[in-house]
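Bear in mind that the values here come from a model prediction, so they are computed numbers and not experimental data.
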Amino acid sequence: MSLNAAEDESTSEIHIPAEIDWDMLDKSKFFFLGAALFSGVSTALYPIVVLKTRLQVSATKLSSFNMSYSIMRHEGLRGFYRGFGTSLMGTIPARAFYMTALEVTKSGVGSATVRLGFSDTTAMAIANGAAGLSSAMAAQLVWTPIDVVSQRLMVQGCNNSVKNLNSCVYKNGIDAFRKIVYADGFRGLYRGFGISILTYAPSNAVWWASYSVAHRLIWSGLGYYNSNNDESFNTAGYAFKPDSKATVAIQGLSAALASGVSAIITMPLDTIKTRLQVLDGEENGQRRPLTALQTVRNLMKEGGLNACYRGLGPRWASMAMSATTMITTYEFLKRLSAKNQDCLS
């Protein structure tokens, strides 16, 4: 038996929960429930994002513990939620863009790759990779301005530890938006847009492709398969169908595995992006936005490659927890939004 034939046979036998595509969803329920569920996820994980951002723009190397202690001591719990209102308001339209692009691309590319003769595993990996790429690019149209505003608010309390920090004092998100547009025009809201695409588009493509493969391999490794008469069996030969708890656990593990490599590979780009969006340079006595080259030079002076990885711990933790909660919430959301619940049984 050839390798391709073996792959085709093994993937057709794996018994995993039914995949729900775009055409099977009640769109109004999908977007309404999605806004509520993902807002809750954002609320829980926001303090880690603030910690990561503070570490990335810091001119000196600090541990996550020391930075957390400093924020709590000088600003209290409120310091961990600077810019949260702005970020939350941006979450709703950004997630709408993201989920629409993700599901439409996944459904379209998945169908096309199957027609081209790819195996289920390969077709799913290609479809998820393409969906991750397109969804990240769509979401950045909203996320970049939200990032610029919210990150300016996040770092306002750390003026003493950050060089070239913008000297403007912002009362809230609306005030920050107004002052950024006044100083730099609407272009100022899209600082770092190019590098955001370079950071998040490949990261999402790799993440979704890795998640798809890991998800299927874990189920296969546990021995779930279907016999020819569509009964479900485990490797011992007993009829068995994985319950919802097992499904959520496998989804969470797959998401955590897919997050690790992505965080390490894209960390330098994320650090450069954050600094471009938050810090200014000085030229002839006037403050001007930093260029990517100036940002890289500053990082090399401050500690070389190690400086690019400041905040890796919080970012890794944030990505792992965000990915795990996101994918389990996302799959749960799709099942809640399915037009015909009988299709899931």
Side-chain angles (χ1 to χ4, degrees), residues 16 34 37-56 64 68 87 91 94-95 98-99 101-103 105-106 121 124-140 143 147 195-222 246-274 305 308-334:
I16 59 176
L37 289 170
F38 286 114
S39 294
V41 172
S42 298
T43 302
L45 298 178
Y46 195 78
I48 301 177
V49 177
V50 172
L51 179 61
K52 173 198 74 84
T53 302
R54 293 280 186 102
L55 288 169
Q56 286 179 315
S64 298
S68 299
S87 180
T91 294
R95 286 293 182 190
Y98 186 91
M99 291 188 293
L102 183 73
E103 287 300 321
T105 306
K106 192 193 299 185
T121 301
M124 190 176 292
I126 294 172
N128 277 276
L133 186 68
S134 66
S135 59
M137 294 179 70
Q140 284 309 307
W143 267 126
D147 262 353
I195 202 165
S196 293
I197 294 293
L198 290 176
T199 301
Y200 293 123
S203 176
N204 268 269
V206 170
W207 191 93
W208 278 102
S210 301
Y211 170 78
S212 171
V213 172
H215 187 246
R216 188 165 283 267
L217 288 177
I218 291 171
W219 280 118
S220 179
L222 292 174
T247 300
V248 169
I250 298 303
Q251 288 168 349
L253 178 59
S254 302
L257 290 174
S259 299
V261 174
S262 182
I264 294 174
I265 291 175
T266 60
M267 187 66 198
L269 288 172
D270 188 66
T271 300
I272 294 168
K273 174 196 74 72
T274 301
L305 189 60
C308 296
Y309 280 88
R310 287 177 187 160
L312 175 63
R315 183 167 189 255
W316 193 328
S318 175
M319 284 187 70
M321 288 188 286
S322 178
T324 302
T325 53
M326 184 274 290
I327 197 63
T328 52
T329 301
Y330 183 66
E331 296 291 352
F332 176 63
L333 168 64
K334 285 170 67 176

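Annotation for A131 and S134: closest pair O-OG, 3.2 Å, computed over non-hydrogen atoms. Minimum heavy-atom separation, S64 to L51: O-CD1, 3.8 Å. S254 and H215 get closest at one heavy-atom pair: OG-CA, 3.2 Å. Contact between V49 and S318 at its shortest, heavy atoms only, is CG2-OG, 4.0 Å. The two atoms that bring A101 and S135 nearest to each other are CB-CA, 3.7 Å, heavy atoms only.
Atom CE of residue M319 and atom NZ of residue K52 lie 10.0 Å apart, to the nearest 0.5 angstrom. The distance from atom CZ of R310 to atom OG1 of T53, rounded to the nearest 0.5 Å, is 14.5 Å. In this structure, OG in S196 is found 12.0 Å from CE in M137, a value given to the nearest 0.5 Å. With rounding to the nearest 0.5 Å, the separation of CG in D270 from SG in C308 is 11.0 Å. Summarising the geometry, atom OG1 belonging to T274 is positioned 10.0 Å from atom CD1 belonging to I272; distances are rounded to the nearest 0.5 Å. Taken to the nearest 0.5 Å, the CE atom of M267 stands 11.0 Å off from the CG atom of L305.
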Derivation and outcome, side chain to side chain contact (heavy atoms under 4.5 Å, CB included), residues S87 and W143 = CA-CA 9 Å; S87 180; W143 267 126; 4.2 Å; yes

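Residues satisfying the side-chain contact (heavy atoms from CB on, under 4.5 Å) test with A256, not counting sequence neighbours, are T324. Scored by the ring pair (Phe, Tyr, Trp, His ring centres under 6.0 Å) test, W207 finds Y211 as partners (sequence neighbours excluded).
Surrounding CE of M321 are more than 12 heavy atoms belonging to other residues, nucleotides or ligands, all under 6.0 Å away.
With Y309 contributing its side chain and T271 its backbone, the two residues share no donor-acceptor pair below 3.5 Å. In this structure a side-chain-to-backbone donor-acceptor pair under 3.5 Å is missing from T105 to L102.
Donor-acceptor pairing under 3.5 Å is recorded for the side chains of R315 and T266.
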